[in-house]
Amino acid sequence: MPTITLPDGSTKSFDHPVSAYDVAMTIGERLAKACVGCLVDGELSDLSTTLDSDCTLHLVTEKTRDKQDDPNALNLLRHSTAHVMAEAIQRIVPGAMLVYGPPLDNGFYYDIAFPEDRPLKEGDFEAIESEMAKIVKEDRPFTRYDMSVNDGMEKLKSEGSKYKIDNAEKAVEVGAESLSFYATGEPGKDWEDLCRGPHIPSTGRIGAFKIMSLASSYWHGDENSDRLTRVYGTSFFSKKDLDAHLDQLEEAKKRDHRVLGKKLQLFHIDETVGQGLILWTPRGSVIRKELQNWIGAELAKMGYTDVFCPHIGKLDLYKTSGHFPYYAESQFVPVMERDFLKHVSDEGCSCSDLSNMMSEGDINGYLLKPMNCPHHIKIYDSQPRSYRDLPVRLSEFGTVYRWEQSGELSGMTRVRCFTVDDAHLFCREDQIEAEVRGCLKLVKLAFETLGLSDFRVRVGLRDPDSSKYVGDPANWDKAEAACRAAAAELGANVSEEPGEAAFYGPKIDFVVKDVIGREWQLGTVQVDYNLPERFDLSYIGADNTKHRPVMIHRAPFGSLERFVGVLIEHFAGAFPLWLSPEQVRVVPISEKSNDYAQEVYEQLNHIGIRASVDTHDARVQAKIKNGSEMKIPYLLVVGPRDAENRQVSVRAFGVEKDLGAMHLDEFVAAVADERDSKGATSVKQRFELAHA
RNA sequence: GCCGCUGUAGCUCAGUGGUAGAGCGCACCCUUGGUAAGGGUGAGGUCGAGGGUUCAAGUCCCUCCAGCGGCUCCA
């Protein structure tokens, strides 16, 4: 006698078990037809699920009432499309063994082990898609049936897929009492798959689908295990939705910092120079320099002092810090001393001997610095420190080198040489909280000024079950509490993640997404008990004895490379005036106005505005198009009329029509204001006020 | 590093084993113009590198390099 509670609070009682579909039918046939699944007590389930006891029921339709995509509906759809794709693939490549095929936020994938002599290629997509279309057209129902663990295992063993057997074992491990299978059609007759479900009612509900790409993956995510092929696809309830999605991907591509970086001439990567090594072109350098100047000025206000260090340090330094040889794989190979190499060669050492010495840390030489802390530590330690001197805050735009795997490199966001807007704070235990707070304040200021609001904050804490952490647990408790409290004040999207702490201390990371949805860590604040210990750092306390300081590593931007890459995408290349490589372009309407244009340019240049004059032999229309494509904030069209009145005709980026004319002196003052206020006032506003 | 895809003019890209192409950009000429592409002429190529198959390779095969999408990794 199930009593079913609907989302509006109303209830329906039945004297026999019913399916969710039956319940929908009692409300209306059209609703029942529109349903693709349901939530039973909040759990996503098949529409055919039998309800035999009291529960809450939320029917899932293709679109929510306000005509938005329902994420639950898309989830069911995509999981189901993955099954259809898997069936189509197995028709084309009979030896393909299925592993795991979950839905994603914007599609789905299926990990599949292909026979070695028949890998899947992109050229197979068309054939797979046409097989899928057939399956969709047949409108076969997704039919669930359950078997006991024993029977199910027998069945899987007879089918011989070690991957599915493993999936079943994993399910049993986490407490499954039976195994469920889904047939696309009739069990025993049609294609089927071990699957937890749930699914949409039938294949005919798949309105539009597309296979997107191939990638490789590892079984269980373990690089030493079997290599699988991951086939990515997506699907929607309608062709229109799919097209909209594909258009959106195209749009995202236009914002991609690698595309814009080339178009706007912001940076260059040259394969002759090396992979992952950014060459900052003049335009990109402007952005970097403005950011550095700005953050540098803020640091000075906050009591930081600048330092400069070389890009290399002796291996002994990194042996003390613990970075060599333990992290040797992610570093450039050491620069070896000539005498050492000669010695090695005289001794007749082979390459493998040398390699062994390398992994034992048993060589002499220098390392391209993989981080800045050891150098800064040595500056701290270069003189005795009193508790009255603390905190000591050493800052540097420090360039570091890391040997990232070639497949991991990506534009400006993952590189092998980058500059950290780094600083190391050496403080007393009781100063940690205030210092962490100060660091976060800086990050917050940076993000707010730039309008970066779409980020999340990750507070990395200890994994309670691990013993890898150094330092006194009582200190950890205090440091974690300090991080937690400081992060909470941000009021942003904060998540605490146990196990995400560094082995040397808790940390707070700022994570943003790029245009294709990949997450990148930018700013970071890390408390460190380890390095002060390893380097035996000290200060003299009020009690006239030595005490150990605590270090805080912090970088509000993270790296300038990654940060600028993210900013390019954030602004879609249209930087606010103060960061724009070219702030104003003067467009004379013909050569006759070149002299006045030059005069305008000189006035702007005089107050440090980055301006240019477009003297190309082209019509105004063409010059405006070019200026717009370069996303220059202001284009000043000047002709005889303007020269006569000493005015400029102003056109702002992103505004279709020109704003009107303004006296040259007024424009110069207004644009300087806009720059100095970082956009709090603007030339555009001034026009709006004048017209209000 | 791994799997797949891609690599042709400065950029974006066509190119059926048989003479290397287009648009944009660039140079020059005409045009001297008022808010998103005026017209003409021309220069520009070791088709990523190396090897192989073939009478003949940008095109087919192999190796390497680089980029892209993922996987793994990111002190």
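In what follows, chains carry the letters A, B, and so on, assigned in the order in which the sequence lines appear, proteins first and then strands, with residues in each chain numbered from 1.
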Query - Verdict with reasoning, A/Tyr163 to A/Asp111, per side chain to side chain donor-acceptor pair (under 3.5 Å) - result: CA-CA 10 Å; A/Tyr163 303 108; A/Asp111 277 346; over 6 Å; no

Query raised in the report: C1' atom, B/A57 versus B/A20: distance in rounded Å?
Result: 13 Å

Query raised in the report: Within this structure, what is the CG-to-C1' distance between A/Asp111 and B/C71, rounded to whole angstrom?
Result: 9 Å

Requested in this report: Take atom C1' in B/C11 and the same atom in B/U19, then report the distance between them in whole Å.
Outcome: 27 Å

Query raised in the report: Reckon A/His616 has a side-chain N or O less than 4.0 Å from the OP1 or OP2 of B/C26?
Result: yes

Query raised in the report: Contact class for A/Lys623 (heavy atom, under 4.0 Å): base, sugar-phosphate, or nothing?
Result: nothing

Query raised in the report: Out of B/C3, B/G38, B/G34, which has the shortest distance to the side chain of A/Ser216?
Result: B/C3

Query raised in the report: What about A/Asp617, does its side chain sit under 3.5 Å from the base of B/U31 through a donor-acceptor pair?
Result: yes

Requested in this report: Starting from the C-alpha separation in whole Å, work towards a yes-or-no answer on side chain to side chain contact (heavy atoms under 4.5 Å, CB included) for A/Arg230 and A/Ser216.
Outcome: CA-CA 5 Å; A/Arg230 180 166 294 184; A/Ser216 81; over 6 Å; no

**Report entry** Residue A/Arg414, side-chain atoms from C-beta onward, closest of B/C74, B/U32, B/G69
**Finding:** B/C74

Requested in this report: Specify the separation, in whole Å, of atom NZ of A/Lys592 and atom P of B/U31.
Outcome: 12 Å

Query raised in the report: Side chain of A/Val620: nearest nucleotide among B/A75, B/U32, B/G34?
Result: B/G34

Query raised in the report: Ignoring hydrogens and angles, does a donor from either the side chain of A/Ser213 or the base of B/G70 sit under 3.5 Å from an acceptor on the other?
Result: no

Report summary line: Considering only heavy side-chain atoms of A/Lys625, the closest of B/A36, B/G67, B/G4 is B/A36

Report task. Would you mind reading off the distance between A/Ile112 atom CD1 and B/C3 atom P, rounded to a whole angstrom? Result -> 18 Å

Query - Euclidean distance, atom CG of residue A/Asp124 to atom C1' of B/C5 [Å, nearest integer] - result: 13 Å

Query raised in the report: Could you go step by step and tell me if A/Ser612 and A/Glu582 meet the side chain to side chain donor-acceptor pair (under 3.5 Å) rule?
Result: CA-CA 8 Å; A/Ser612 72; A/Glu582 186 177 345; 2.5 Å; yes

Report task. Under the side chain to side chain contact (heavy atoms under 4.5 Å, CB included) rule, what do A/Leu635 and A/Phe653 come out as? Steps first, then yes or no, please. Result -> CA-CA 8 Å; A/Leu635 299 178; A/Phe653 179 79; over 6 Å; no

Query raised in the report: How would you label the contact of A/Gln405 with the nucleic acid (heavy atoms, under 4.0 Å): base, sugar-phosphate, or nothing?
Result: base

**Report entry** Spacing of A/Lys253 atom NZ relative to B/U6 atom C1', expressed in whole Å
**Finding:** 12 Å

**Report entry** Pairing annotation in dot-bracket form, given for RNA chain B with Watson-Crick or G-U pairs under 3.5 Å and | for cross-strand partners
**Finding:** (((((((..((((....[..)))).(((((.......))))).....(((((..]....))))))))))))....

Query - Contact under 4.0 Å: A/Ser406 side-chain N or O vs B/G1 OP1/OP2 - result: yes

Report task. For nucleotides B/G39 and B/U31, find the distance between their P atoms and express it as a whole number of Å. Result -> 16 Å

Query raised in the report: Mind checking the P distance from B/C13 to B/G51? Whole angstroms is fine.
Result: 29 Å

Requested in this report: With the side chain of A/Lys121 defined as its heavy atoms from C-beta on, choose the nearest nucleotide among B/G4, B/A37, B/U32.
Outcome: B/G4

Query raised in the report: Picking from B/A75, B/A36, B/G4, which would you name as closest to the side chain of A/Ile624?
Result: B/A36

Query raised in the report: Does the base of B/G70 carry an N or O that pairs as donor and acceptor with the side chain of A/Tyr218 under 3.5 Å?
Result: no

Requested in this report: Applying side chain to side chain donor-acceptor pair (under 3.5 Å), run through A/His616 and A/Asp614 and close with a yes or a no.
Outcome: CA-CA 6 Å; A/His616 280 92; A/Asp614 186 348; 2.8 Å; yes

Report summary line: Heavy atoms of A/Ser410 and A/His257 approach each other most closely as O-NE2, 4.5 Å

Query raised in the report: Considering only the P atoms, how many Å lie between B/C47 and B/C60, rounded to the nearest integer?
Result: 16 Å

Report summary line: Tightest non-hydrogen contact, residues A/Cys483 and A/Ile508, listed as O-CD1, 3.6 Å

**Report entry** Nearest-Å distance once atom C1' is located in both B/A37 and B/G23
**Finding:** 12 Å

Requested in this report: Tell me what A/Gln275 touches on the nucleic acid: a base, only sugar-phosphate, or nothing, going by heavy atoms under 4.0 Å.
Outcome: sugar-phosphate

Query raised in the report: Which nucleotide in the list B/G4, B/A75, B/G34 gets nearest to the side chain of A/Gln526?
Result: B/A75

Query - Gap between atoms CZ and C1', on A/Phe418 and B/A75 respectively (whole Å) - result: 10 Å

Query - Partners passing salt bridge (Lys or Arg N to Asp or Glu O under 4.0 Å) against A/Glu329 (at least two apart in sequence or in another chain) - result: none

Query - Distance, C1' atom - from B/C68 to B/G44, rounded to whole angstrom - result: 28 Å

Query raised in the report: For A/Tyr109, which contact category applies under a 4.0 Å heavy-atom criterion: base, sugar-phosphate, or nothing?
Result: nothing

Query raised in the report: Contact class for A/His268 (heavy atom, under 4.0 Å): base, sugar-phosphate, or nothing?
Result: nothing

Query raised in the report: So which nucleotide from B/G34, B/C71, B/A75 ends up closest to the side chain of A/His323?
Result: B/A75

Query - base_contact_polar (B/A36 base, A/Arg651 side chain, donor-acceptor, <3.5 Å) - result: yes

Query raised in the report: How is A/Lys262 classified with respect to the nucleic acid when contacts are heavy atoms under 4.0 Å: base, sugar-phosphate, or nothing?
Result: sugar-phosphate

Query - More than 12 heavy atoms of other groups within 6.0 Å of A/Lys631 NZ - result: yes

Query raised in the report: Taking the side chain of A/Val637 as heavy atoms from C-beta outward, which of B/A66, B/G4, B/U35 is closest to it?
Result: B/U35

Requested in this report: Establish whether the base of B/C71 is bridged to the side chain of A/Ser217 by a donor-acceptor pair shorter than 3.5 Å.
Outcome: no

Query - Side-chain donor/acceptor of A/Asp642 to base of B/G34, under 3.5 Å - result: yes

**Report entry** Nearest-Å distance for atom pair CD/P, residues A/Gln621 and B/U31
**Finding:** 19 Å

Query raised in the report: Is any side-chain N or O of A/Arg518 closer than 4.0 Å to OP1 or OP2 of B/G69?
Result: yes

Requested in this report: Check the angle between the aromatic planes of A/Tyr504 and A/His553 and answer parallel, tilted or perpendicular using the 30° and 60° thresholds.
Outcome: tilted

Requested in this report: Whole angstrom is fine here: how far is it from CD1 in A/Ile269 over to P in B/G48?
Outcome: 20 Å

Query - Shortest side-chain distance from A/Tyr504, nucleotide among B/U35, B/A75, B/G70 - result: B/A75

**Report entry** Nearest-angstrom distance, C1' atom, B/G17 to B/C24
**Finding:** 31 Å

Query - B/C24 base / A/Asn626 side chain donor-acceptor hit below 3.5 Å - result: no

Query raised in the report: Has the side chain of A/Arg416 got a donor or acceptor that lies under 3.5 Å from a partner of the other kind on the base of B/C74?
Result: no

Query raised in the report: If you look at every heavy atom in A/Glu131 and A/Ala88, which pair is closest and at what distance?
Result: CB-CB, 3.6 Å

Requested in this report: Would you tell me if any nitrogen or oxygen in the side chain of A/Arg258 comes within less than 4.0 Å of OP1 or OP2 on B/G69?
Outcome: yes

